[in-house]
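Take a look at the structure below.
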Amino acid sequence: MRANTGPRVQVKAAGGVRDLDGLIKVRDLGATRCGASATVAMLDEYRRREAAERAGGSEVAKAGTIGAGGY
């Protein structure tokens, strides 16, 4: 979808984005918006990973780098 739209068109991922890794994946594929019912769980997981990274942990998101997205 991203490949067939102009840069000003927003692409929304919806249906099936249930966790932070899924959110990172659709971001990496070009989505600029996301409709998800698991927003609280995704934000909690993001905060947990961010805290682990700041504490010197080696945890990295499977599908992308935390904080590198456009959300």
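The model shown is predicted, which means the values in this text are computed figures rather than measured ones.
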- What residues join Leu29 in its hydrophobic cluster, counting side-chain heavy atom gaps under 4.5 Å, either direct or through other members? none
- Task: Output the distance between atom CG (Asp21) and atom CD (Glu45), rounded to the nearest 0.5 Å.
- Result: 7.0 Å
- Task: Show which residues join Val9 in its hydrophobic cluster (side-chain heavy-atom contacts under 4.5 Å, direct or indirect), or state none.
- Result: none
- Item | Close side-chain approach of Asp19 to Leu23, heavy-atom, < 4.5 Å | no
- Look at the side chain of Thr32 and the backbone N and O of Val11, then say whether any donor-acceptor pair between them is shorter than 3.5 Å. yes
- Query: How long is the gap from CD on Glu50 to CG on Leu43, to the nearest 0.5 Å?
  - Reply: 11.0 Å
- Message: Does Arg18, at its CZ atom, have more than 12 non-hydrogen atoms belonging to other residues, nucleotides or ligands within less than 6.0 Å?
- Response: no
- What closest approach, in Å, do Val17 and Cys34 show between heavy atoms, and which atom pair accounts for it? CG1-SG, 3.7 Å
- Task: May I ask you to say whether Asp44 pairs ionically with Arg49, meaning some side-chain N is under 4.0 Å from a carboxylate O?
- Result: no
- Query: Hey, what do you get for CZ (Arg47) to CZ (Arg54), rounding to the nearest 0.5 Å?
  - Reply: 11.5 Å
- Yes or no on side-chain contact (heavy atoms from CB on, under 4.5 Å) for Met42 and Tyr46, after CA distance, side-chain angles and deciding distance? CA-CA 6 Å; Met42 286 185 234; Tyr46 175 85; over 6 Å; no
